[in-house]
There are 2 protein chains.
Amino acid sequence: MATAARPTYAVIAKTAGVSEATVSRVLNGDDSVHPERARRVQEAVDKLGYKKNRVASALASGRTGLIAVVIDDDLSVFSDPFYGTVTSGVSRVLMENGLQTVLMVSPVGSLDGSVAHYLKSGEVDGAIFFALHSDLLINNLKKQGLPLVITGTPHSSSDVAFVDTDNFGGAHSATKHLMSNGAKKVAIITGDIGTTAAKQRLDGYLQAYRESGHVPAKGLICEGDYSFEAGKAHCEKLLDQHPDVDGIFASNDLMALGALTALRDRGISVPEQVRVVGFDDSLIAQTSAPALTTIRQDVVALGEAAGTLMIAQLNGQEVEPIILPTELIIRASA
Amino acid sequence: MATAARPTYAVIAKTAGVSEATVSRVLNGDDSVHPERARRVQEAVDKLGYKKNRVASALASGRTGLIAVVIDDDLSVFSDPFYGTVTSGVSRVLMENGLQTVLMVSPVGSLDGSVAHYLKSGEVDGAIFFALHSDLLINNLKKQGLPLVITGTPHSSSDVAFVDTDNFGGAHSATKHLMSNGAKKVAIITGDIGTTAAKQRLDGYLQAYRESGHVPAKGLICEGDYSFEAGKAHCEKLLDQHPDVDGIFASNDLMALGALTALRDRGISVPEQVRVVGFDDSLIAQTSAPALTTIRQDVVALGEAAGTLMIAQLNGQEVEPIILPTELIIRASA
DNA sequence: TGATTTCGTGAAAGCGGTTTCGCGGGTAGT
DNA sequence: ACTACCCGCGAAACCGCTTTCACGAAATCA
């Protein structure tokens, strides 16, 4: 294999003139060891360049130092940089705490797919779920006592820890921004309404409308699916059915770009005639023409929050959900 | 921890009426066990729902079943969906072969950062590197006998296994496409020339020029860095210095989009006055206006190839680099 | 038929840490 | 000065699976 004979506790113990038990105590921060002996152990460790064998440690202690990041997917999601970005945030926090990230990209539906087996078999100390299609496995794992964190708000309000962006607040301020800039008739193109994020964004939109004292006209609420085509098609439909629409809030930047495209195709000027706001502040938002006013969510921070919540649970702390704030980024489109 | 008492070899052995050694043999596909006894073992395994404890297995056998995917990065790269996509391809192949993917996103430069330590400590059976900034660590690990795969062509031609897209061929056909559509003066905006991919794409461009019997005028070769801004800025400079440029090959779609933006800002029509070709066939290419003609690379396949090469090495096979073909996708921009 | 391989199998020794248990000596209580 | 504790530390069991080694039986050879 990879290594030439690495030292073990046996040789550390011998060089330091103590027992292996003491070596273990020192290396695990047990403070009941006499400082002088601890120093000797530490010296031996440094001198020999000792690195603990995590596998052996895992077997003996039952803690593997591995956290699974599970992306519930059938390979359609990868064009979206979102997952990679969140994962990198998770990974960074975990590494800082001496844990490693095990990536599992796989449909998760059932209770005994290979992912389920892996998680249940105690080979990871915890699991972080993305893009959850079902709560079935979650509840099952929760019952087994596996520390869990969900990225995104779960459907059922079980008491599983989760992190999410403030979708409601973001959508609310997007809609308010449109209105306060003079838009009277603001439409929304929602995301896949099966996702909680899309629902929350819709709710934020509705709340802003409510506060304005008006009610969105029928047909201003378009159910999209986060795709460019959906944004474009819904925008066209809106223009046909509601020629006086003067504001569009798209639940993500890609649909906003679709809308911009449809508007340009019809020679409608943005933001003069129709204002458009997106959500995410992805690369697209910065490079579109006109540049997109959008709601920024800090995706790396989301991952870091997930990692932090996991660490907290491993330390036996009670955890509360974390909702990250959003920021309105004003560019040219609204 | 996670599990209620899972069965061990001890109970499997007892129920099947054999020794633990025999259980191990059966579960590891050693065919020297009498079929009848093997069947009994298998029955016991099924009946008890036994799943092997990988940690214990790893300790005893020295094989952990984990492959590291190392992304050498300082957090700038995550907006690019490329890495996530490749990784998902890797992960899929590995999982199919009973291996798990350990993600490490971290600057890798030195020989003894935490990543280096982790890899050297034998806690993974192999490592797949992305976006390599230096060959230092690679050569060191290679010497230690750790199975390695690099995604992208390495700088030094050490004999490390790697997978890559046919950058040369892709750039070649992109440039030829521009020329055969009538472009006489074709510029290239390269990627970060420190990357081998950018160099290869430049070479492909030069080769196509050579075959056309012409030589690219001075100033037609612009050194970019894969960013939108670079694409835009270089395009503007080109238009200033070479008003008769009629073709632009950008080394990625994002820079091509920057070029399109610059062209639109100046009221230059695409593809009538200037033709543009990108590279990647990312989402951007499909949603830009006009839609971008580009070179498609199959990023998931790249990851799968990397995984496959890893598996082969673990099986002790000699491996050759894999170069994946590209495809010219003709849309509106050229 | 006796000597020699071959083959299937179990006992047992690891793999390299962690953790329980109990011992000896020092401190405290009376 | 005598029992009662407490504290630091080492011996040894243990985590669950792999692998070597040797043994008895069956097969091959002379």
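Each chain gets a letter, A, B and so on, in the order the sequences are listed, and its residues count up from 1.
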Taking C-beta and beyond as the side chain, do B/Phe162 and B/Thr151 meet within less than 4.5 Å on heavy atoms?
no

Do the non-hydrogen side-chain atoms of B/Leu27 and B/Tyr50 ever get within less than 4.5 Å of each other?
yes

Whole Å only: how far is the [atom1] atom of [X] from the [atom2] atom of [N]?
{"X": "B/Ile12", "N": "C/dG10", "atom1": "CD1", "atom2": "P", "answer": "15 Å"}
{"X": "B/His34", "N": "C/dT6", "atom1": "NE2", "atom2": "C1'", "answer": "16 Å"}
{"X": "B/Lys14", "N": "C/dG10", "atom1": "NZ", "atom2": "C1'", "answer": "16 Å"}
{"X": "B/Asp30", "N": "D/dC17", "atom1": "CG", "atom2": "P", "answer": "17 Å"}
{"X": "A/Arg54", "N": "D/dC15", "atom1": "CZ", "atom2": "C1'", "answer": "18 Å"}

Summary of side chain to side chain donor-acceptor pair (under 3.5 Å) pairs that have at least one residue in residues 7-21 of chain A, sequence neighbours excluded
A/Ser19-A/Thr22

Applying side chain to side chain donor-acceptor pair (under 3.5 Å), can you list everything that pairs with A/Asp46, at least two apart in sequence or on another chain?
A/Gln42

Tell me which pairs pass salt bridge (charged side-chain N to carboxylate O under 4.0 Å, His left out) where either residue lies in residues 52-61 of chain B, with sequence neighbours left out.
A/Glu123-B/Arg54

Bend across the helix from C/dT1-D/dA30 to C/dT30-D/dA1, to 10°, with axes taken over 5 pairs at each end?
30°

Between protein and nucleotides 11-19 of chain C, map the contacts as a letter string: B base, S sugar-phosphate only, - none, heavy atoms under 4.0 Å, written 5' to 3'.
B--BBBBBB

Charged N to carboxylate O under 4.0 angstrom, B/Glu43 versus B/Arg40?
no

Side-chain N or O of B/Arg37 versus OP1/OP2 of C/dG8: is the shortest distance under 4.0 Å?
no

Does B/Gln313 have any side-chain contact (heavy atoms from CB on, under 4.5 Å) partners at least two apart in sequence or in another chain, and if so, which?
B/Pro147, B/Val149, B/Ala161, B/Val319

Derivation of the side chain to side chain contact (heavy atoms under 4.5 Å, CB included) call for A/Asp159 and A/Lys142
CA-CA 9 Å; A/Asp159 58 345; A/Lys142 177 79 183 175; 3.7 Å; yes

